[in-house]
Amino acid sequence: MLKGKKIVLGVTGSIAAYKAALLVRLLVKEGAEVQVVMTPAAKEFITPLTLSTLSGRPVLSEFFNSDSGAWNSHVELGLWADAMIVAPATASTLGKMAAGIADNMLVTTYLSMKAPVFIAPAMDLDMYAHPSTVCNIDTLKGYGNRVIEATAGELASHLSGKGRMEEPENIVKVLKDFFLAGSELCGKRVLITAGPTYEKIDPVRFIGNYSSGKMGFAIAEECARRGADVKLVAGPVSLPTPHPAIERIDVESAREMCDAATSLFPSCDAAVLCAAVADYRPSVQATRKIKRTADGMTIELEANPDIAATLGKAKREGQCMAGFALETNDGEENARQKLQKKNLDFIVLNSLEDKGAGFACDTNKVTIIDKDGKSEYPLKSKKSVAKDVVDYLVKYMLLMMLFLVPATASADGEEMNARVVLNASKIQGTNTEVFTLLQDALGEFVNNRKWTGNTYEENERIACTFNFVVNSYKDDGSFDCSLMVQAMRPVYGSSYNSILFKYEDPSIKFSYQPYDRLEFVEDNLDNNLTAVIAFYVYTIIGMDLDSMGELGGSEFLNKALTIANNAQNLGDAGWRAGSGNNNRFSIIDDYMNGAMEPVRKLMYMYHRQGLDTMFGNADGGRKAITEGIMLLKKAYEDRPMAYFTKLFTEYKVDEIVNVYSKCTPEEKKEVVKILTEINPSLSSEWDKITKNNN
Ligand code: PMT
């Protein structure tokens, strides 16, 4: 998962700096490129020589190289990195980062960082518990940084308590999880309501409330980040919606919000209703400004529609719906009533009794309640709360499909239903039109080309995403991009989609000029970009057919294999046989190898015999999945170096953990043993199967 990832590791002056050496080693071992940046104080604890030797790159610490006078550009580092980790992070550096005090190379790099930042604090227990440290950590979390909390244990002071930097193995795990996550909602459409509503009294006055929209917008952003197509119905707020997968529908009143939500809901898989909707509106809206009179005045109000209750009545089986409850008293009791009355699947309670929760602020404190119980969360930034809510939503959608509600499958026509996103935020100082044109051209190419020549039925269109990140671009039109490709397979009888294939291609080099037509000719691979896309499309179609009928995808998988064989002279590392076991060539070469036939059969056993039959027959479906996992084991034993067996366990891990949440301890034990053997690096995930007592 970390192969090819560019990581900036910031090291500060703590006794835990010695652990940075192990951290660098582990990251490099995972295939990451590591650039170490040290504060001057860090050098007192570990030498730059150690870290530069382990990382294979000179360590940066000063703004200028004292020998050559060359400028060390923190801005370039900020654009180069896929992630930054500050480990260990001292109290002093946390304070500087929170306050933006840019007096060393590490903090300037942090302030220029475009990539996600992870912070692993280390200090004495009293320093860690000090209100200023707590406040700085909260501020940093509020800025969207991810803090890897310190653990408890013996400290350098010989005192015992919370302040030890998390172990390097666990920091690497957090990073791997981060890069692994991110597409669970691919192919799903989620409706979100956010912000207040304004109910007009006259042309200049309204009844409204204090909602800023921050909570709902953070949820929209999080859903989009995980691959959903988001419909955000927003009341009057002035927040931006930068993510391209969010379609925003601005409304003002509760009735407008209700109209928009009810017309969108039938085509959505889930809804999160976060808006603070006015329950009443003036019965009459004056067309002219109401003049002041000597006496008081009375405004007669009438009830607005209850949007959540309206959608709750219309909810199809398989659709998941979450609401919020904003309470001032008897929170849990009121929230449970709303859960039931509005036919919600779960409700997020926030109470104005809690400081820092509710309207307008950047933080919230919530309890998520469903019919089976509740989960309480501490005060966090609204971005983190959004993550918790969306985690819950994803889990709920999966469990719904596995154990609860049979529903009808929904899918569109055409062969590929691809969302193509080209993220060029790392590239600066260039005309951005070329990126928009390329993104549109790629979308058209994938979705409009006839890849199969067959007439496909409506429900055979495959939902997938192609997420490109432009790592470098030159004015002559040459690109170097990474690509995350993911395909989903609808599960029969449900609205749940299972990941069929997911792979991150670290580098694709190609050239593109604005308005170039993207074409692909099977026997003339002169365009690396279209060859790569064709390769993935055929791989996906082939695997999809393998999942429908045993070994059913050979025709298309052979086409992918032919492209990989023929593309070897395109000069792109991804096509080169023998250069590592996890480039795109090796994936298809392994998958089509005779010894890996069990893994192709697994596709059928796992999806068609397993997931597709889980409705009404959860045990039977799960048994078939176990048979599939046995096939995976066989393929692993026959070809232990083949990357695909590991890759499969990586992108299926969450689903597998949930599939085995309800079964006998013996079954759990057997499957955990096999999975740990195939992919020991996920052992803590497999352990969740044993621990899960549902
Ligand atoms: O926008 P922020 O400043 O970030 O603040 C966030 C928030 C406090 C607004 C948010 O976290 C929140 O609690 N939203 C729901 C507020 C609310 O109206 O709660 P309620 O308990 O009155 O409503 C219960 C549920 O019914 C909510 O999902 C609400 O969207 C929905 N509802 C309510 C009334 C109505 N007429 N139609 C509805 O759909």
Side-chain angles (χ1 to χ4, degrees), residues 142 191-199 207-222 232-239 241 251-262 264-265 270-281 301-315 320-370 377 379-386 388-390 393:
L191 167 69
I192 288 158
T193 66
T197 63
Y198 286 179
E199 311 298 327
I207 297 173
N209 59 62
Y210 296 111
S211 170
S212 62
K214 285 179 187 170
M215 190 65 252
F217 275 54
I219 294 172
E221 194 71 25
E222 184 63 24
L232 173 62
V233 182
V237 294
S238 54
L239 294 174
T241 35
V251 296
E252 189 171 291
S253 67
R255 281 187 295 180
E256 284 169 15
M257 186 173 273
C258 189
D259 287 348
T262 46
L264 288 165
F265 188 55
V272 182
L273 306 172
C274 187
V277 186
D279 282 317
Y280 296 94
R281 63 175 181 273
L301 300 176
E302 62 187 21
N304 266 330
D306 184 327
I307 303 170
T310 309
L311 300 187
K313 275 199 194 109
K315 189 169 70 162
C320 181
M321 211 173 111
F324 269 70
L326 178 64
E327 304 298 337
T328 52
N329 55 285
D330 305 321
E332 202 172 318
E333 195 186 319
N334 291 333
R336 283 196 186 280
Q337 277 174 14
K338 287 177 186 171
L339 177 78
Q340 203 190 14
K341 210 171 120 201
K342 296 176 195 248
N343 193 21
L344 301 167
D345 294 298
F346 65 91
I347 194 158
V348 185
L349 164 66
N350 44 185
S351 169
L352 294 184
E353 283 178 303
D354 291 316
K355 201 163 169 273
F359 285 133
C361 48
D362 290 321
T363 52
N364 207 354
K365 182 171 183 311
V366 302
T367 303
I368 301 184
I369 301 173
D370 65 16
Y377 299 82
L379 185 72
K380 301 176 169 199
S381 70
K382 281 187 174 160
K383 283 185 183 155
S384 306
V385 173
D388 294 334
V389 172
V390 179
L393 181 74

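It should be emphasised that the depicted structure is a prediction, and the values quoted were computed from it without experimental measurement. Indexing begins at 1, ligand by ligand and atom by atom, following the structure's order.
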- Nitrogen or oxygen of Ile307 less than 3.5 angstrom from that of ligand 1: yes
- Message: Are any of the N/O atoms on Lys382, whether in the backbone or the side chain, positioned under 3.5 angstrom from an N/O atom of ligand 1?
- Response: yes
- Message: Using side-chain heavy atoms (C-beta onward) and a distance below 4.5 Å, is Lys380 in contact with Asp388?
- Response: yes
- Side chains of Leu273 and Met321: does their closest heavy-atom pair fall under 4.5 Å? yes
- Task: Tell me which part of Ala309 gets within contact of ligand 1: side chain, backbone, both or neither, using heavy atoms under 4.0 Å.
- Result: neither
- Taking non-hydrogen atoms only, is Asn350 closer than 4.0 angstrom to ligand 1 via side chain, backbone, both or neither? side chain
Shortest protein heavy-atom distance from [atom], along with the residue and atom involved:
| atom | result |
| --- | --- |
| atom 21 (O) of ligand 1 | Lys338 NZ, 2.5 Å |
| atom 28 (O) of ligand 1 | Leu273 O, 2.7 Å |
| atom 35 (C) of ligand 1 | Val277 CB, 3.5 Å |
| atom 36 (N) of ligand 1 | Pro305 O, 3.0 Å |
| atom 18 (O) of ligand 1 | Ala276 CA, 3.4 Å |
| atom 1 (O) of ligand 1 | Ser211 OG, 2.6 Å |
| atom 32 (N) of ligand 1 | Lys342 NZ, 3.9 Å |

Below 4.0 angstrom from a heavy atom of [X], which ligand 1 atoms are there? Numbered from 1 as shown, please.
| X | result |
| --- | --- |
| Gly323 | 28 (O) |
| Ala308 | 26 (O), 31 (C), 38 (C), 39 (O) |
| Asp279 | 34 (C), 35 (C), 36 (N) |
| Met215 | 4 (O), 6 (C), 11 (O) |
| Lys214 | 1 (O), 2 (P), 4 (O) |
| Cys274 | 9 (C), 10 (C), 12 (C), 14 (N), 15 (C) |
| Ala360 | 2 (P), 3 (O) |
| Gly213 | 1 (O), 2 (P), 3 (O) |

- Please answer whether the main-chain N or O of Ala254 pairs with a side-chain N or O of Glu199 as donor and acceptor at a distance below 3.5 Å. yes
- Item | Test applied, side chain to side chain contact (heavy atoms under 4.5 Å, CB included); reference residue, Lys214; option that passes from Asp362, Asn364, Val237 | Asp362
- Query: So among Leu349, Val272, Thr193, which one has a side chain to side chain contact (heavy atoms under 4.5 Å, CB included) with Phe324?
  - Reply: Val272
How long is the straight-line distance from [atom2] of [Y] back to [atom1] of [X], given to the nearest 0.5 Å?
| X | Y | atom1 | atom2 | result |
| --- | --- | --- | --- | --- |
| Glu353 | Asp330 | CD | CG | 8.0 Å |
| Ile307 | Thr197 | CD1 | OG1 | 7.5 Å |
| Leu344 | Lys338 | CG | NZ | 10.5 Å |
| Lys382 | Cys274 | NZ | SG | 8.0 Å |

- Item | Gln340, CD atom: more than 12 neighbouring heavy atoms under 6.0 Å | no
- Does atom NZ of Lys383 have more than 12 heavy-atom neighbours from other groups under 6.0 Å away? no
- Note on the structure: Asp370 and Asp345 have their tightest heavy-atom pair at CB-O, 3.4 Å
- Item | Considering all heavy atoms, the nearest Gly312-Asn343 contact | O-ND2, 2.8 Å
Just going by heavy-atom distances, which of [options] is nearest to [atom]?
| atom | options | result |
| --- | --- | --- |
| atom 19 (O) of ligand 1 | Asp306, Leu326, Thr193, Leu352 | Leu326 |
| atom 23 (O) of ligand 1 | Phe359, Tyr210, Phe324, Phe217 | Phe324 |
| atom 17 (C) of ligand 1 | Ala275, Ala254, Ala325 | Ala275 |

- Please verify whether a non-hydrogen atom of Gly358 lies at under 4.0 Å from ligand 1. yes
- Item | Ala261 near ligand 1 by a heavy-atom separation under 4.0 Å | no
- Would you check, one step at a time, whether the test side-chain contact (heavy atoms from CB on, under 4.5 Å) holds for Ile368 with Tyr377? CA-CA 8 Å; Ile368 301 184; Tyr377 299 82; 3.6 Å; yes
